[in-house]
There are 2 protein chains.
Amino acid sequence: MNPATQGQSKRTAFLLSQLGAVASSRFAERTREIGLTPSDAGVIRLLARSPGLSQRSVAEKLGIVPSRVVPLIDSLQGRGLVNRVRSSSDRRNYELHLTDAGERVLHELRGIAEQHEAELLAPLTGDQAAQLGFLLAQLAAGHGLDRDLHRGSVSQQS
Amino acid sequence: MNPATQGQSKRTAFLLSQLGAVASSRFAERTREIGLTPSDAGVIRLLARSPGLSQRSVAEKLGIVPSRVVPLIDSLQGRGLVNRVRSSSDRRNYELHLTDAGERVLHELRGIAEQHEAELLAPLTGDQAAQLGFLLAQLAAGHGLDRDLHRGSVSQQS
DNA sequence: CAGAATAATTCTGTAGGTGAACCATTTTGT
DNA sequence: ACAAAATGGTTCACCTACAGAATTATTCTG
């Protein structure tokens with residue numbers, strides 16, 4: 001191990017969790033300014049990529065419980081960002097779609113994510129930021145993280 | 001920017017927050033096995049380093065509100081891990097100390113932190129882990145993070 | 001076609017957190 | 001010296017996010 005990097009060993013996990021919390025809460029601040037919770041943002045991004053998903057699928061992809069999805073979509077629908085359409089093939093489930101207003105919010109969200117990223121990585125040089133991105137991606141892959149999932153525990157056994 | 005690292009740009013903030021959540025929740029799992037919440041663990045580590053702190057100071061150092069400290073210490077005291085001693089110089093405040101049992105739990109906690117760190121960084125080589133530690137420390141410094149503080153927002157203005 | 005399974009929903013409960021109000025003690029200004 | 005302000009700890013009412021069980025409507029299956 002490079003001697004210059006010794007000494008902060010054993011704190012990396014804590015730093016990761018600390019910085020993760022900062023990243024999350026700063027992002028939450030930014031989304032709150034356009035009236036969204038981070039969960040709202042997650043649903044919108046998911047529906048942008050996979051239109052027509054059922055609430056069940058949304059719950060699964062996002063790693064939340066189906067009963068949580070109900071008030072989430074209620075609120076999004078109430079603000080005219082998401083539509084519930086009864087599936088014609090299976091009238092039990094809905095097909096969820098972004099409305100035009102939802103698409104516009106999605107664009108705002110992308111701007112926010114870009115600003116957020118820039119602010120967060122500001123203390124690093126471009127090369128360092130790239131390195132960090134690489135290392136985190138490798139960590140995420142090693143722990144089997146999905147790109148939609150944003151929760152603490154990953155698949156508890158049995 | 002190194003071409004090999006392009007393409008994951010703009011996801012680093014998300015990865016950070018995602019991995020931070022994983023780190024936090026895995027740590028919570030481990031502490032729960034010895035009957036502690038992460039907050040408990042934070043208080044214990046703090047009191048180990050700064051014995052005799054008042055509840056006010058604990059609140060400040062940990063970035064939580066004083067009224068939150070009360071049930072936290074209550075519970076720790078109830079399990080015989082922490083002692084409240086009335087300060088003789090100022091009988092309004094307590095001096096908080098770890099008991100012997102508290103010291104023993106502190107040792108367990110250190111073992112847990114070590115295991116946790118190892119598990120979390122397992123997907124990386126030693127050099128990569130060191131690099132990551134360096135980059136995260138730099139980020140933390142750049143954002144003015146304290147080593148005790150573990151919360152989302154850092155000092156809101158006014 | 002009765003019964004099992006599935007999607008969505010409702011309801012109840014819990015964990016963790018905030019801020020205001022309150023009491024005891026100490027400090028400060030005149 | 002002592003009334004008023006400040007400080008440490010506590011209690012209380014409240015809020016948000018979340019989980020899990022029970023419920024309803026619909027579809028699938030033997």
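Chain A is the first sequence line, chain B the second, and so forth, proteins listed ahead of strands; every chain is numbered from 1.
In this entry the distance linking CZ of Arg32(A) with C1' of dT16(D) reads 13 Å, nearest Å. In this structure, Asp40(A) places its CG atom 14 Å from C1' of dT16(D), rounding to the nearest Å. Per the geometry, CG belonging to Leu62(B) stands 15 Å off P belonging to dG16(C), to the nearest Å.
Under a 4.0 Å N-O distance rule, the pair Asp40(A)/Arg79(A) qualifies as a salt bridge. The pair Glu119(B)-Arg30(B) meets the salt-bridge criterion, with a side-chain N (NZ, NE, NH1 or NH2) lying under 4.0 Å from an Asp/Glu carboxylate O. In summary, Arg49(A) and Asp148(A) engage in a salt bridge, as defined by a charged side-chain N under 4.0 Å from a carboxylate O.
Under the 3.5 Å distance criterion, with hydrogens and angles disregarded, a donor-acceptor pair is assigned to the side chains of Arg84(A) and Gln55(A). Counted by atom type alone, Glu95(B) and Ser54(B) present zero donor-acceptor pairs between their side chains at under 3.5 Å. Between the side chains of Ser87(A) and Asp90(A), no donor-acceptor pair is found at a separation under 3.5 Å.
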Got a list of protein N/O to nucleotides 3-10 of chain D N/O distances below 3.5 Å?
residue : atom : partner  : partner atom : Å
dT7(D)  : O4'  : Arg92(B) : NH1          : 3.3
dT7(D)  : O2   : Arg92(B) : NH1          : 2.9
dG8(D)  : OP2  : Arg56(B) : NE           : 3.3
dG9(D)  : OP1  : Gln55(B) : N            : 3.1
dG9(D)  : OP1  : Tyr94(B) : N            : 2.9
dG9(D)  : OP2  : Gln55(B) : N            : 3.1
dG9(D)  : OP2  : Arg56(B) : N            : 2.5
dG9(D)  : N7   : Arg56(B) : NH1          : 3.3
dT10(D) : OP2  : Gln55(B) : OE1          : 2.9
dT10(D) : OP2  : Gln55(B) : NE2          : 2.7
dT10(D) : OP2  : Arg84(B) : NH2          : 3.2

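Residue order along DNA chain D, read from the 5' end via each residue's closest nucleotide, puts Ser39(A) first among Ser88(A) and Ser39(A).
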